[in-house]
Amino acid sequence: MKMSKMYIPTLKETPADAEVVSHQLMLRAGLMRKLTSGIYTYLPLGYNVIRKFEQIVREEMNRAGAQELLMPALQPADLWKESKRFDDYGPELMKLKDRHNRDFCLGPTHEEVVTDLVRDEIRSYKDLPLNLYQIQTKYRDEVRPRFGVLRGREFIMKDAYSFDLDQAGLDRSYQAMYDAYCKIYDRCGLKYRTILADSGPIGGDDSHEFMVLAEVGEDTVVYCDSCDYAANLELAESVLKLREIDGSDEELSAVATPDAKTIAQVAEYLDVEINQVVKSVLYETQHGELVLALIRGDYEVNEVKLANLLGVVNLEMAGDSVYEELNTVKGFTGPVNIGEVKIVADHSVSKIVDGVIGANEIDQHLIHFNFARDLDLEDTFDIREVKAGEECVHCGGELKFAEGIEVGQVFKLGTKYSEAFEATYLDEAGKSQLMKMGCYGIGITRTIAAAIEQNHDEYGIKWPLALAPYQVHLLPLGKSEDVIKKAEELYQELTSTGIEVLLDDRNERAGVKFNDADLIGCPIRVTIGGRSLAAGELEVKYRQSGKEFTISTGNEATKIKDLLAELA
RNA sequence: CGGAGCGUGGCGCAGUUUGGUAGCGCACCUGCUUUGGGAGCAGGGGGUCGAAGGUUCAAAUCCUUUCGCUCCGACCA
């Protein structure tokens, strides 16, 4: 493509409202422009990159036996009510009404639509397994869109859905998708890690996330430095060190703790270790159920673990009215005499024999708390948030934290949706069976941003070859006829052999061309200058490594083709 | 949804405290010169100062309301 004819509005200055590098560079390199918060127009160059990535995704999905289709983005609410997700999905679901006041939503994902399709069309075990996918614009009414395309309200996603006869089939489909995802990210030259994940409101059993490690990751990845254990912080586990305390056998008794509302203040006031104080956190589920979570003072409650344990989707810290209702006081809440509240205790409090708890009265705590004696609870659970430096449950190694951008996720859904939608088939015995489902997503636009986060320098983007909008950037310098003629010839020759070339035929000074080339970041830059051309040479620079060298004129196209093959 | 900040030509910003006829850099147009890392000189075009209402002889500036955007948090893939 000739730059003089292509719309590539590069920016010299960094846009003020872009915070992260990928966002800044996507604007600066002329890949996209913002329409409104979290919603972007993809310009020719950016759309080029998107198509590149989509093509890789398509190839690997097809190779793995999936079939592409296209489902509607606009969906009737009835379908979502059938799966209970019209409410469960919460405010993230972009809802709207038509002129007849009927409820609709814009799809953030397509389990409902695809299951509805398949239940009507698939009747026999002979039709399974089936894996359908699409690449489509998705919608999520984000609370806070940010980081450019990393967290948008409208974004492009590849989503696939598998339907199998039984668990063994689902396991095979899942593995096939997992393997395909690895190939996709490998081909893009991305450094990633797969981690165990929480399945969130989508539901299901097994799930892995594909995380691109970067500086601005939104998710915290917990990984072991000596084995391959890695998990989302929301699910991560670690070895719990219980502290054996020789406690007295004294009865619970109230003590005054004026103004001591935090664990640290209580511990200091009473002169006890923080891990003798029991933290009591009051939550309210989406169904209005009240839950008091107990955890040792030196730990934090992991709300995702707690929500999963309770089997709820939404969990919020209780509001002031709840404290009034229960006749207790924020900062002095405790599990004894708390009233109509479900109590969930973390393993970390199970051995406490001389602990401190809130007394449910202002400026009062209870001491000599003995967990086993004073509470009638059958069990304790893991609702504890892992901290960096703790021990790995698999090998005893040290757990570390890293930031990651989630670019893909695979789920085993099981029968959650086939049950809700009665998606069944007749087996060989003529008996009706529920299909086993899986779903698999890749954030297309998000992956592009992640690739930039991982491949850039102070001058611009350094595209991995597979994602580059053009493989070769040709820079003729000056107005000499020889230079222009050579550039035109080389451009034609390379293009005709299928190489993607961007020719900077603009009437610009050398500095402008060099800077734009660095910014746009094509893997190979070929400079054609008056002097070097007269000397029978073309100059080559690799954007990724910075390596510079010259090639002699004559058969340049072949030579450049060889260089590309080397880079691949 | 809480907290903070910002809306002034296409972009980046100053001007707002102390009201007095809207400015700078980049970009754009014309001409001349220049031509290997974001050129120089000269000339030129372009702005309902986010919107609405109010105070005033006079409002970008003061007051009220409202909309939008960004960041932090909560939340989330």
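Protein chains get the first letters and strands the later ones, always in sequence-line order, with residue 1 at the start of each.
Pairing for B:A14 is absent, with no Watson-Crick or G-U wobble pair whose two atom distances lie under 3.5 Å. For B:G38, there is no paired base (Watson-Crick or G-U wobble, both distances below 3.5 Å). Shown here, B:U70 forms a base pair with B:A4; the pair counts as Watson-Crick or G-U wobble because both key distances fall under 3.5 Å. Across the strands present, B:G19 finds no partner; the criterion is a Watson-Crick or G-U wobble pair with both atom distances under 3.5 angstrom. With a 3.5 Å ceiling on both atom-pair distances, B:G45 lacks any Watson-Crick or G-U wobble partner. Base pairing of B:A58 is not made with any nucleotide, judged by Watson-Crick or G-U wobble geometry with both donor-acceptor distances under 3.5 Å. In this structure, B:C75 forms no base pair with any nucleotide, since neither Watson-Crick nor G-U wobble geometry is met with both distances under 3.5 Å. Remark: B:U64 base-pairs with B:A52; criterion is Watson-Crick or G-U wobble with both hydrogen-bond distances under 3.5 Å.
Separating the C1' atom of B:U61 from that of B:U18 is a span of 10 Å, rounded to the nearest Å. For the C1' atoms, the distance from B:G19 to B:G38 is 41 Å, rounded to whole Å. Across B:U17 and B:C62, the matching C1' atoms stand 11 Å from one another, rounded to whole Å. B:G50 sits 13 Å from B:C11 when the P atoms are compared, rounded to a whole Å. Taking atom C1' on both nucleotides, B:C6 is separated from B:A14 by 15 Å, rounded to a whole Å. For B:G47 and B:G10, the C1' atoms lie 11 Å apart once the distance is rounded to whole Å. Comparing the P positions of B:U70 and B:U64 gives a spacing of 26 Å, expressed to the nearest Å. B:A22 and B:C13 have their C1' atoms separated by 14 Å, with the value rounded to a whole Å.
Atom CG of A:Asp504 is separated from atom P of B:G38 by 15 Å (rounded to the nearest Å). When the C1' atom of B:C75 is taken as reference, atom CG of A:Leu93 falls 16 Å away, rounded to whole Å. Separating the CG atom of A:Asn302 from the P atom of B:C76 is a distance of 11 Å, rounded to the nearest angstrom. For the pair A:Arg531 CZ and B:G36 P, the computed distance is 7 Å after rounding to whole Å. In this entry the distance linking CZ of A:Arg146 with P of B:A74 reads 9 Å, nearest Å. Whole-Å rounding puts the A:Glu458 CD to B:G37 P distance at 17 Å. Distance CG (A:Asp516) to P (B:G36): 17 Å, rounded to an integer number of Å. Taking atom CD on A:Glu19 and atom P on B:G5, their separation rounds to 16 Å, with Å as the unit.
Contacts of A:Thr36 with the nucleic acid, taken as non-hydrogen atoms under 4.0 Å apart, involve only primed sugar atoms and P, OP1 or OP2. Using a 4.0 Å heavy-atom cutoff across all strands shown, A:Lys479 reaches at least one base atom of the nucleic acid. In this structure, A:Gly152 reaches the bases: a heavy-atom distance under 4.0 Å links it to at least one base atom across the strands shown. Residue contacts shown for A:Glu13 include a base, since a base heavy atom lies under 4.0 Å away. Residue A:Arg525 is in base contact, counting any heavy-atom pair closer than 4.0 Å across all strands shown. Using a 4.0 Å heavy-atom distance criterion, A:Gly441 is classed as making no nucleic acid contact. Within 4.0 Å (heavy atoms only), A:Asp17 reaches sugar-phosphate atoms of the nucleic acid but no base atom. Counting non-hydrogen atoms under 4.0 angstrom, A:Gly443 reaches nothing in the nucleic acid.
The shortest heavy-atom contact between A:Thr109 and A:Trp80 is O-CZ2, 3.6 Å.
You'll find the ring centres of A:Tyr185 and A:Phe210 inside the 6.0 Å limit.
Checking side-chain atoms of A:Asp346 against main-chain N and O of A:Ile383 turns up a donor-acceptor pair under 3.5 Å.
Taking the side chain of A:Arg151 as heavy atoms from C-beta on, and the options B:C76, B:C69, B:A74, the nearest nucleotide is B:C76. Among the nucleotides B:G37, B:C1, B:A27, the one closest to any side-chain atom of A:Lys541 is B:G37. Of the candidates B:C72, B:G36, B:G38, B:G36 carries the atom nearest the A:Ala510 side chain, counting heavy atoms from C-beta on.
The phosphate of B:C72 has OP1 or OP2 within less than 4.0 Å of a side-chain N or O from A:Arg144. A close approach under 4.0 Å does occur between a side-chain nitrogen or oxygen of A:Ser37 and OP1 or OP2 of B:U70. At B:U35, none of the side-chain N or O atoms of A:Lys513 fall inside 4.0 Å of OP1 or OP2 (strictly under the cut-off).
Atom CE of A:Met437 sits about 11.5 Å away from atom OG of A:Ser173, to the nearest 0.5 Å. Between the CD atom of A:Glu556 and the CG atom of A:Leu494 there is a distance of 8.5 Å, given to the nearest 0.5 Å.
Summary of the strand contacts: A:Asn515 and A:Gly148 both lie near RNA chain B, and taking for each the nucleotide with the nearest heavy atom, the more 5' one is attributed to A:Asn515. Residues A:Arg509 and A:Ala18 both approach RNA chain B. Their nearest nucleotides, taken by heavy-atom distance, put A:Arg509 toward the 5′ side.
Using a 4.5 Å heavy-atom cutoff, the side chains of A:Val304 and A:Asn308 are in contact.
Scanning atom types as modelled, one donor and one acceptor separated by under 3.5 angstrom connect the side chain of A:Ser532 and the base of B:G36. Evaluation of atom-type donor-acceptor distances gives no pair under 3.5 Å for the side chain of A:Glu508 against the base of B:G38.
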Note to self: Let's go through A:Arg543 and A:Asp457 carefully: what are the C-alpha distance in whole Å and the side-chain angles of both, what is the deciding distance for salt bridge (charged side-chain N to carboxylate O under 4.0 Å, His left out) to 0.1 Å, and is it a yes or a no?
What the structure shows: CA-CA 10 Å; A:Arg543 183 67 180 94; A:Asp457 62 16; 2.8 Å; yes
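Between A:Phe549 and A:Tyr542, the ring-plane angle classifies as perpendicular under the 30° and 60° cut-offs.
Taking the ring centre of A:Tyr89 as origin, the terminal cationic atom of A:Lys95 falls outside the region bounded by 6.0 Å and 45° from the ring axis.
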